[in-house]
Amino acid sequence: MSKHEQASHRAATQEAAEALVEARRLKTARLRDKGLNPFANDVLARDGHAALSSFGEVREHHAGDRDGEGRYLREAVAKHSKRVRVAGRVIFLRSFGGGAFVRLRSWSKLPDDAQTTDPTLPSRWASEELQLYCQSKSSGDPLDGGTVLGDLGVLDEVDLGDFVEAEGTTMATQKGELSVTPDALRVITKAHRPLPTKTSFKDVESRYRQRYVDLVANKDVASVFRARTAIVSAVREYLDRRGFLEVETPTMSRIVGGALAKPFSTHHNALDLDLFLRIAPELYLKRLVVGGFERVYELARCYRNEGLSTRHNPEFTMLEYYQAYATYETLMDQTEELLRYVDRRLEERVPDGYQAFKAQRSFSLERFERLTMRALVERALDAAGLPPEAAFGVGEADAPIKEWAKLAKARGREIDWANFKKGAQKCDSRGELAFAAYEYLAEPFLTRDYRSACCTKSVPVFVIDHPLETSPLARKKDSDPSLTDRFELFVDGREICNAFSELNDPDDQAARFRAQVEKKARGAEETMDYDEDYVRALEHGMPPTAGFGMGIDRLTMILTGSASIRDVILFPLLRPEGAASPGDSEDHRG
RNA sequence: GGGUCGAUAGCUCAGUCGGUAGAGCUGCGGACUUUUAAUCCGUAGGUCCAGGGUUCGAGCCCCUGUCGACCCA
């Protein structure tokens, strides 16, 4: 479809939607004709009326008026009945005979000034719903600039999605639902576009493009993003309490470093300087350790110029922290503690969503495995019934891969021999080969092979002691200089952490950078640049330090049971709306 | 990059053997004085993703393309 054709198709679709919008605009005009402001902004400013009550407050007031099943007792509510003024978005509207039910949604509870000094509050976030029961026989004083609800006339101009303000008394319906029966009601913001219907809003692309609709229409979506906030906030708490200093380091840099990935480039005009967006904050944070910030962290937005997938978004958030006088083993203990802490806080702060998240999890955080990469490969060979040479000899021209595939029987078909062989042939060191063997023989089977005692859940696995060649910033192992003091943590088969004792020998670091540069010269795409200033920093002396990185997006995916990274990023990168692909312009047609 | 599935009303989806385009919800009009996906009556709403082909006839079959989702790399 050409841009032209797409545009005209969009126009036709919009025209159809426009009819619904037009009907709502007419209501806005009618409200104005009656002297009412459909976009009122004096909700809090008016004198002579009760302060706006949050739904949580209303509910709290009647906390004792419920029966054993949580229904509100009519008599009890009537006895404690309270005059309230509430506001919220109309998410449900039903009129019948001389009455109408209007369900409002609003923020559950906001702390008052006294509570804002209490560091433990607010302990949770949620929106709540509260029902209005409007009756034509009600009467009362009009809201300033509002309308007496005598004949329910104003409800004619109310649509799903509007924001309204109502004043009235609390009551319970026959079915035991706490409600407010208003004597006055007014529209404070008219919505010109309709919300999706109750059959919901499922089209994935539309959901990502119009997240503002998604969040209103799909309740569990909102709870995933509250979970994300709870997770980030718990990570901060954990580190802050241990004396870590949160910092911000540059996202634009002349040098690509700290990880192996393709960067975005940009340009600074005044200095006429080509810059890269950071792929990791690592090298700046370690400079700070040199400078004496012995416990330091950053929740760093990083940018990698690679493809989109359910596990990759070009911008994503990474936690990195560095701790002096610690080793990667200290960090393994801390990682277990951190994950359990975050999970506990998640349960406390998003209690409703948490039950659903937990039900979806196929892993448990009760026990963590720790295994060297070598042991994992040995065990994998053993489990598949393969000889040891299968791990290292796969790249040889005469490798008997067909025989091995036959030997591996049960899992043989799942081992990706073709790519394993291709990968092995690209390796130019034994260390890289060892990593390839791990990647193809062991990693795909982590969730299957390492399970909790009850066998229904997988356990997180720390993979430790990576080969030197695949870890250019990690410290060599004292007992075996071909390996490094490093671990990666896999939860539910997905890598979420990467950590190591840091290389602080400046000459060793310079040599590793040179090896990366040579590799790039040989045509490798994902390498690090030589960072002279970083080497100079190390020459000033960095204390023995352990460093830790964790993908916040992936952590959120794992803890909330989300299948795609786009479900945990509010506004994921998408192809521009209605854009043709690069190869498809009018120029190529006719 | 490879594979699988999909695109039909504002939303969610049916569409039989190739024979005049369907439902529910939403919208609009009406009935109903405590509803919980209310119910009932009426009414409006479509460039069936685009282009080409086969055919007397294509939403349906074939080809090409676009976009999306999922799986694999």
Side-chain angles (χ1 to χ4, degrees), chain A residues 1-27 71-72 74 77-78 91-103 129-138 151-152 156 159-161 171-181 191-210 213-214 216-218 306-312 413-423 439-440 444 563-567 572 574-586 588-590:
Chain A
M1 206 187 316
S2 75
K3 282 179 188 169
H4 224 139
E5 286 160 340
Q6 280 190 332
S8 69
H9 183 251
R10 264 204 319 284
T13 307
Q14 274 168 12
E15 204 171 304
E18 225 39 57
L20 293 173
V21 173
E22 205 40 50
R24 286 164 174 248
R25 285 186 194 279
L26 284 174
K27 293 182 183 180
R71 286 182 304 237
Y72 288 84
R74 300 187 73 192
V77 172
I91 56 154
F92 181 87
L93 186 60
R94 174 185 300 156
S95 70
F96 62 96
F101 291 98
V102 180
R103 181 174 291 270
E129 292 167 12
L130 187 68
Q131 177 172 274
L132 306 179
Y133 173 49
C134 306
Q135 299 168 90
S136 60
K137 62 188 173 194
S138 324
D151 56 0
L152 294 180
D156 290 344
D159 287 302
L160 233 51
M171 49 87 73
T173 64
Q174 281 180 353
K175 297 288 170 66
E177 178 161 350
L178 184 64
S179 310
V180 170
T181 179
H192 284 174
R193 285 187 186 277
L195 285 174
T197 65
K198 63 189 163 220
T199 46
S200 91
F201 184 56
K202 287 180 182 161
D203 181 71
V204 179
E205 192 190 352
S206 308
R207 284 184 38 227
Y208 296 150
R209 287 196 194 285
Q210 299 182 56
V213 177
D214 191 27
V216 177
N218 298 316
E306 292 165 1
L308 304 172
S309 83
T310 45
R311 287 186 301 277
H312 301 89
R413 284 193 194 88
E414 294 170 59
I415 295 172
D416 188 350
W417 290 102
N419 280 306
F420 183 17
K421 181 172 181 164
K422 223 184 281 174
E439 206 174 6
Y440 286 99
S564 168
I565 197 168
R566 286 176 218 146
D567 293 325
L574 299 170
R575 196 183 292 274
E577 212 165 346
S581 73
D584 179 46
S585 69
E586 283 94 345
H588 293 97
R589 297 177 156 260

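Residue numbers start from 1 in every chain, and the chains themselves are labelled A, B, ... in the order their sequence lines are given, proteins ahead of strands.
- Atom CD of Gln135(A) is separated from atom P of C32(B) by 16 Å (rounded to the nearest Å).
- Residues Pro196(A) and Val213(A) meet the side-chain proximity criterion, which asks for heavy atoms closer than 4.5 Å.
- Residue Tyr133(A) places its side chain closer to U34(B) than to any other of C72(B), U34(B), C28(B).
- Closest approach of Ser564(A) and Tyr208(A) over heavy atoms only: OG-OH, 4.1 Å.
- In a base pair of the Watson-Crick type (N1 to N3 plus N6-O4 or O6-N4) or a G-U wobble (N1-O2 and O6-N3), with each distance short of 3.5 Å, A37(B) is matched with no nucleotide.
- Only one option out of Val180(A), Val102(A), Thr181(A), Thr173(A) pairs with Gln131(A) in a side chain to side chain contact (heavy atoms under 4.5 Å, CB included); it is Thr173(A).
- The side chain of Phe101(A) sits closest to U34(B) out of A38(B), U34(B), U36(B).
- The side chain of Lys202(A) sits closest to C13(B) out of C70(B), C13(B), G68(B).
- Within the 4.5 Å cutoff, the side chain of Arg74(A) has heavy atoms near those of the Gln174(A) side chain.
- Rounded to whole Å, the C1' atom of C5(B) lies 23 Å from the corresponding atom of A9(B).
- A straight line from CZ of Arg207(A) to C1' of U12(B) spans 14 Å, rounded to a whole angstrom.
- Under the 3.5 Å distance criterion, the side-chain polar atoms of Arg24(A) are matched with a main-chain donor or acceptor of Ala191(A).
- For the C1' atoms, the distance linking A69(B) with A31(B) amounts to 44 Å, nearest Å.
- Ranking U36(B), U34(B), C32(B) by closeness to the Ser95(A) side chain, first place goes to C32(B).
- If you take OH of Tyr440(A) and P of A73(B), they are 8 Å apart, rounded to a whole angstrom.
- Taking the P atom of each, U16(B) and G53(B) are spaced 25 Å apart, rounded to whole Å.
- Contact of the Arg193(A) side chain with the Val21(A) side chain is registered, since non-hydrogen atoms from C-beta on lie closer than 4.5 Å.
- Per the geometry, CZ belonging to Phe96(A) stands 9 Å off P belonging to U36(B), to the nearest Å.
- At a cut-off of 3.5 angstrom, counting only N and O atoms as typed in the model, there is a donor on one side and an acceptor on the other between the side-chain of Glu177(A) and the base of U36(B).
- Where Arg311(A) and Thr173(A) meet RNA chain B, the nucleotide closest to each residue was compared, and Thr173(A) sits on the side nearer the 5' end.
- In this entry the distance linking CD of Glu205(A) with P of C70(B) reads 12 Å, nearest Å.
- For the C1' atom pair drawn from U8(B) and C71(B), the interatomic distance equals 27 Å after rounding to whole Å.
- Distance noted for atom C1' between C13(B) and U54(B): 30 Å (whole Å).
- A gap of 44 Å separates the P atoms of G1(B) and G27(B), to the nearest Å.
- For the pair Asp567(A) and Arg207(A), the minimum side-chain heavy-atom distance is below 4.5 Å.
- In this entry the distance linking CG of Asp203(A) with P of C67(B) reads 16 Å, nearest Å.
- Pair assignment for U16(B) gives none, since no Watson-Crick or G-U wobble pairing has each distance under 3.5 Å.
- Judged by Watson-Crick or G-U wobble contacts below 3.5 Å, the nucleotide G1(B) has C72(B) as its partner.
- For the pair Asp567(A) CG and C70(B) C1', the computed distance is 12 Å after rounding to whole Å.
- Proximity of Arg103(A) to Glu177(A): side-chain heavy atoms (C-beta onward) are separated by under 4.5 Å at one or more points.
- When the P atom is compared between C67(B) and A50(B), the two are found 15 Å apart, to the nearest whole Å.
- Residue order along RNA chain B, read from the 5' end via each residue's closest nucleotide, puts Leu93(A) first among Leu93(A) and Leu308(A).
- Whole-Å rounding puts the Phe420(A) CZ to C72(B) C1' distance at 18 Å.
- Looking at the side chain of Phe92(A), the nearest of the listed nucleotides U34(B), A38(B), C13(B) is A38(B).
- At a threshold of 4.0 angstrom between heavy atoms, the contacts of Ser179(A) with the nucleic acid are absent.
- Base pairing analysis places G42(B) opposite C28(B); the two distances defining the Watson-Crick or G-U wobble pair are each below 3.5 Å.
- Using a 4.0 Å heavy-atom cutoff across all strands shown, Lys422(A) reaches no nucleic acid atom at all.
- Of the C1' atoms belonging to U43(B) and C25(B), the separation is 16 Å, rounded to the nearest Å.
- Under the Watson-Crick or G-U wobble criterion, with both distances below 3.5 Å, U66(B) is paired with A7(B).
- Between Arg566(A) and the phosphate of A69(B), there is a side-chain N or O to OP1/OP2 separation shorter than 4.0 Å.
- Within the 4.0 Å cut-off from OP1 or OP2 of C71(B), at least one side-chain nitrogen or oxygen of Thr310(A) is found.
- For U54(B), there is no paired base (Watson-Crick or G-U wobble, both distances below 3.5 Å).
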